[in-house]
Structures are given as C-alpha cells and as structure tokens.
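As the structure is a computational prediction, the values presented were derived from the model and not from experiment. Basis for what follows: all heavy atoms, side chains included, without hydrogens, waters or symmetry-related copies.
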Amino acid sequence: MADPAGRVVVDLDGVISLLGRFPALSGLNLSVRDSEIVLLRGPNGAGKTTLLRLCAGLAPLSGGTGRVLGYDLSVRKDRRRLRRESGLLSHQTFLYDELTVEENLKFWAQANRVELDTIEPVLDRLDLAGRLRNVSISALSTGQRRRASLAVMVCRRPKLWLLDEPHAGLDQAGRDFVDDIVRHAVRFGATVMLASHDLDRSIDLASRVVQLAGGQLVGSDSADSAVTEWAPAPGYLGTDLDADLDTDLDSGEASNAS
Amino acid sequence: MLHDAWIMARKDLRIEWVTRVATGQVLPFGALVLILFGLALNPDLVIVGEQRRSILAQVAPGLFWITVLLASLLALGRSFALEANDGNVDALKMAGLDPAGVFLGKAMAVAAQLLAIEVVLGFGAFVLYGTPLANFVMLVCAVILATVGVAAAGTLYAGIASGLRARDTLVPLLVLPILSPVLLAATLSTEAAVFGGSGGWSWVMLLGVFAVIYLGVGMLAFGLVMEET
C-alpha cells in the first residue's frame with residue numbers, strides 16, 4: 001500500500017490540456033504518491049484518457065504546472081525522459097498487426113533497450129509462450145491482443161503504470177491476471193494510475209479513487225470509502241442547463257398561473 | 001541512433017516480407033505504368049538525329065523515373081500506415097527511440113524496397129523500350145543516389161503528412177514538388193548512362209548532394225515531426 005509520506009510521483013496543479021481547441025483537462029489538480037494505485041473514475045469524456053496520456057508525456061500541457069516522476073511536463077526534453085520511464089496501456093494495442101507476438105515483443109524490447117532474456121518469462125507468465133507465440137497479432141482475439149500489449153509493458157518495467165481500461169476485452173482469468181500483475185508491480189515500487197468502468201473489480205485493486213468530470217477533479221477518496229454512485233459535478237454536461245430549464249419551466253408555470 | 005535505425009529498418013522489411021505489399025502491389029503498379037507509357041507513346045515513331053532511335057527509347061529514362069516516383073508514393077504511404085495503426089507512433093515515442101534513428105531506419109527500408117523495384121522496372125524498361133546501355137557504373141551510381149534522395153525526402157514529408165486526416169492526398173502534393181530536382185538530375189544522369197555523352201557524372205554528383213541534404217534535413221527535423229504527429 002502507498003506510504004502517505006511517500007514521494008510525490010504525479011503533481012499536477014491547475015493543469016489544462018487542449019486537444020485542438022477542446023480543453024480535455026481544464027484546471028485539474030492531482031497528487032499521486034509512490035506505490036499508490038489510483039483509480040480514475042468518470043463518464044466518457046471526463047478526461048481520464050487525456051490525463052493518462054499527459055502523465056505519459058504524450059498529451060500537451062497547455063496550462064498550469066505539472067511534474068511526473070520529477071520531470072517537468074512543460075519541458076520537451078523532460079517529457080521525452082518521462083516517456084521512457086512510464087508505461088501506457090491504451091485502447092490501442094501499440095503492436096504491429098503483421099508481426100507475430102514474439103516478433104513484436106522482440107522489436108519492442110530492442111526499442112526499449114530491454115534485454116531479450118526478459119521476454120521468455122514474460123511470455124510464460126502471460127500465457128503467450130505456447131501456440132500463440134508465433135501467431136500474428138491480427139489473428140488474435142481482443143483479449144489475447146490485450147495480453148500481448150501487457151507483455152510489452154511488463155518487459156519495460158516502467159516506474160509509472162498508466163492503464164486505460166486494463167480489464168476491457170479480458171475474460172475472468174485475464175482480469176485476475178491483470179490485477180495480479182498490477183499488485184506485483186506495486187510491490188516492486190511502481191505507481192499505478194488506471195481508468196476503468198469496471199468499478200467492482202477496480203475498487204478492490206485501488207488504494208484511492210479519483211473522480212473526474214469535465215476535465216476537472218471533482219472528488220478523491222480512499223478506495224474503502226469511495227462512493228459507488230457518481231454524482232455529476234455542477235456545470236458538467238449540461239447539468240446547469242437542466243437546472244436553468246427547470247427554473248424557466250417553474251417560472252413559466254408560475255406566470256401562467258398568475 | 002544507428003541501433004534505432006537498424007531495428008526500425010529490419011522491422012519494416014520484416015513486415016514487407018510477411019505482407020509482400022511492395023512485390024504484390026507496388027511493383028505491378030510500376031510495371032503497369034511502364035506498359036501504359038509504352039501504349040500511349042507510339043513505339044514505331046523514330047527520332048532521326050545523330051542516331052536513329054525510337055521515341056520510347058529516347059524518353060525511357062524520364063518515364064522510368066516518373067514510374068519510380070509514383071511507385072515510391074505507394075511505398076511511403078505504406079511505410080507510415082504501419083505506424084499510424086494502433087498508435088504505434090506513440091509507442092515509438094514512449095520507447096524513447098532517437099527520432100533521427102527512426103527516420104534513417106524508415107528511409108533505409110523504403111530505399112531497399114525501391115531499389116528492388118527499380119531493378120525489375122529497369123530491366124522491364126530496357127526490354128520494353130529497347131534502351132541501350134553505355135555506362136553501367138554511372139547507371140548504378142545514379143540509381144542508388146537518386147533512390148536515397150527519394151527515400152529520404154519522401155520519408156520526411158510522408159512523416160509530416162502522416163498525422164493529418166488528408167494524408168493520402170497530401171503525400172503526393174508535398175513529396176512530388178520536393179522531388180522534382182531529383183527527377184531532373186536522375187533523368188539526365190540516366191540518359192548519359194544509357195546513351196553515353198558528357199556531363200553524366202556531374203548530374204550524379206548533384207544527386208549525391210541532394211541525397212546528403214535530404215538525409216541531413218530529415219535527421220534534424222524528424223524529432224519535431226514525431227512530436228507533432
């Protein structure tokens with residue numbers, strides 16, 4: 001579990017991240033400590049994926065200040081170093097469809113300057129060492145692709161694990177397996193941020209739950225006391241509009257009555 | 001940088017070996033263009049000058065390089081489609097690969113594929129158009145240097161366009177104007193190599209200068225290209 005006095009790994013203050021002109025993150029504050037497992041919750045479009053990409057050094061920092069693993073997100077050279085030390089499991093596989101599982105792992109191991117010896121145990125552990133080893137990625141099921149992506153990430157041994165819907169597309173055994181790997185990584189000093197709609201499973205895994213809405217942090221609590229019902233933040237996705245509409249209707253009804 | 005270039009080139013060539021896009025699609029496309037040129041230009045028409053020569057043989061060097069440029073657009077599009085799939089550009093960034101190495105590797109892979117295609121198309125042009133050959137060494141030098149130039153400039157501009165929605169139509173618009181000096185120098189040096197004549201080596205040297213410039217600019221600029229993709 002996370003040490004409350006542990007080193008701050010992610011320190012974001014008033015962070016704004018624009019995707020084109022759209023503010024995917026609009027003044028977000030977040031602090032994550034060493035060895036924490038932070039679950040990001042929120043509806044679609046809340047900014048979870050952008051937050052993970054920002055922490056990976058991939059999404060732009062358009063405003064505010066942010067440091068991840070000690071690297072300043074506003075400095076290009078720092079972002080490049082951060083990328084090497086963080087790992088992102090995304091909706092995309094980050095794999096070449098035309099190559100086999102083993103060829104992909106070898107390429108990414110060499111690209112990440114990881115010893116090729118580390119591949120074999122990882123293939124074993126992720127149940128990819130058998131007949132799947134020589135199957136091209138395009139022929140794999142969604143769950144098998146997910147495992148292959150995870151295998152690349154495990155080989156990298158990043159300090160910060162950024163997992164976007166890590167349980168998506170996996171069967172029960174695969175989901176258990178992801179949880180084991182995440183816990184294992186944390187035992188060895190990694191910090192994990194994950195976005196998931198699979199709340200029952202993710203809350204068991206997380207040490208803290210953070211709620212996002214409209215690109216802002218709207219709540220943060222320990223996983224034990226985290227509410228399971230999400231309450232929309234004021235102003236989020238037209239909640240104020242609904243309130244205004246109610247008011248207008250009420251006043252309309254009142255004027256009609258008078 | 002060289003390590004990164006090597007693994008990128010090997011990966012791209014491995015994918016080509018598996019999918020056979022260059023041999024199955026780009027090469028037939030190039031061959032078709034050569035044949036269509038042959039049909040469009042009357043092969044019986046003869047230019048009478050110092051030596052009687054069919055018009056097809058006379059314009060063969062230019063037709064050959066236009067065919068190569070058109071085929072290179074397919075190869076370049078394919079090269080970056082590999083990275084656009086499943087967010088692999090992001091994964092390359094996460095791996096911390098040297099952008100200059102990524103550029104060199106992709107350019108090397110494209111150049112290797114183009115060279116293989118050029119050998120077949122060149123043989124086809126000699127047979128179809130009845131072109132003579134005066135200086136084999138000059139021809140080989142011109143082909144290698146022009147291919148390096150095409151691959152380097154093409155890789156840079158295909159990389160720039162790869163992040164854009166209209167990349168399929170933008171790549172030719174960006175690449176072809178940039179490659180027009182290479183087309184001119186390659187055509188004139190190839191003419192000198194096949195028909196003989198003076199001035200061929202100076203065009204070959206100019207191709208070398210283009211290759212060095214395009215490689216240098218690509219290696220310097222590709223970091224920014226990857227960052228913005």
Side-chain angles (χ1 to χ4, degrees), chain A residues 20 49 52-53 55-60 71 76-100 102-114 116 134 136-140 142 145-146 148-149 152-153 155-156 158 160-162 164, chain B residues 1-25 78-106 109 113 162-165 220-229:
Chain A
T49 298
L52 293 176
R53 287 177 60 80
C55 292
L58 290 173
Y71 296 114
R76 180 173 290 174
K77 199 181 263 185
D78 274 16
R79 282 205 306 274
R80 284 191 181 155
R81 288 181 184 150
L82 167 63
R83 288 172 190 160
R84 277 178 177 267
E85 295 181 27
S86 57
L88 176 66
L89 186 74
S90 136
H91 297 291
Q92 295 164 309
T93 63
F94 294 160
L95 300 169
Y96 293 99
D97 278 357
E98 300 80 1
L99 300 180
T100 66
E102 187 176 19
E103 285 170 339
N104 264 290
L105 252 73
K106 278 186 177 166
F107 170 74
W108 288 114
Q110 288 175 324
N112 287 291
R113 288 178 165 71
V114 173
L116 290 177
N134 295 316
S136 68
I137 297 296
S138 59
L140 297 180
T142 307
R145 287 180 199 205
R146 202 79 176 147
S149 297
V152 173
M153 193 158 158
C155 282
R156 291 187 66 190
L160 177 62
W161 290 51
L162 302 159
D164 200 353
Chain B
M1 181 184 75
L2 290 178
H3 166 269
D4 295 350
W6 170 241
I7 62 167
M8 282 301 292
R10 203 175 52 180
K11 180 265 298 173
D12 277 10
L13 290 174
R14 172 67 190 153
I15 290 175
E16 168 48 31
W17 182 257
V18 172
T19 58
R20 309 283 165 107
V21 170
T23 48
Q25 294 173 28
R78 168 69 179 160
S79 175
F80 280 89
L82 295 175
E83 310 305 339
N85 282 347
D86 277 321
N88 289 329
V89 171
D90 282 344
L92 293 175
K93 290 182 202 169
M94 297 287 290
L97 287 172
D98 184 344
V102 174
F103 167 78
L104 262 187
K106 294 202 80 66
Q113 292 172 54
S162 67
L164 304 171
R165 271 185 207 155
L220 288 174
F222 212 68
L224 193 61
V225 172
M226 275 183 75
E227 202 64 32
E228 297 300 323
T229 302

Partner chain B: residue of A:His91, A:Lys106, A:Arg53 with the largest heavy-atom pair count (under 4.5 Å): A:Arg53
When you check the gap from the basic side-chain N to the acidic O, do A:Arg83 and B:Glu227 get nearer than 4.0 Å? yes
What part of A:Arg84 lies closer than 4.5 angstrom to a heavy atom of chain B: side chain, backbone, both or neither? both
With a 4.5 angstrom heavy-atom cut-off, could you sort out which part of A:Leu88 is near chain B: side chain, backbone, both or neither? both
Can you tell me how far apart OH (A:Tyr96) and CG (B:Leu82) are? Round to the nearest 0.5 Å. 7.0 Å
Region of A:Ser149 that comes under 4.5 Å of a non-hydrogen atom in chain B: neither
Which atoms form the tightest heavy-atom contact between B:Arg78 and A:Glu98, and what is the distance? NH2-OE2, 3.8 Å
Please flag which part of A:Leu95 lies under 4.5 Å from any non-hydrogen atom of chain B: side chain, backbone, both or neither. backbone
Any side-chain heavy-atom pair of B:Arg14 and A:Thr100 under 4.5 Å: no
From the list B:Asp90, B:Val89, B:Val18, the residue making the most non-hydrogen contacts under 4.5 Å with chain A is B:Asp90
Atom NZ of B:Lys11 and atom CH2 of A:Trp108: how far apart are they, to the nearest 0.5 Å? 7.0 Å
Would you give the length of the straight line joining atom CE of B:Met94 to atom CD of A:Glu85, rounded to the nearest 0.5 angstrom? 11.0 Å
Measuring heavy-atom distances to chain B, does A:Arg81 have an atom under 4.5 Å in its side chain, in its backbone, in both, or in neither? neither
Taking A:Arg113 first and then B:Asp4, would you say they form a salt bridge - that is, a charged N and a carboxylate O separated by under 4.0 Å? yes
With respect to chain A, which residue among B:Ile7, B:Asn88, B:Leu97 yields the maximal number of heavy-atom pairs within a distance under 4.5 Å? B:Asn88
Is A:Glu103 close to chain B through its backbone or its side chain, or both, or neither, when contacts mean heavy atoms under 4.5 Å? side chain
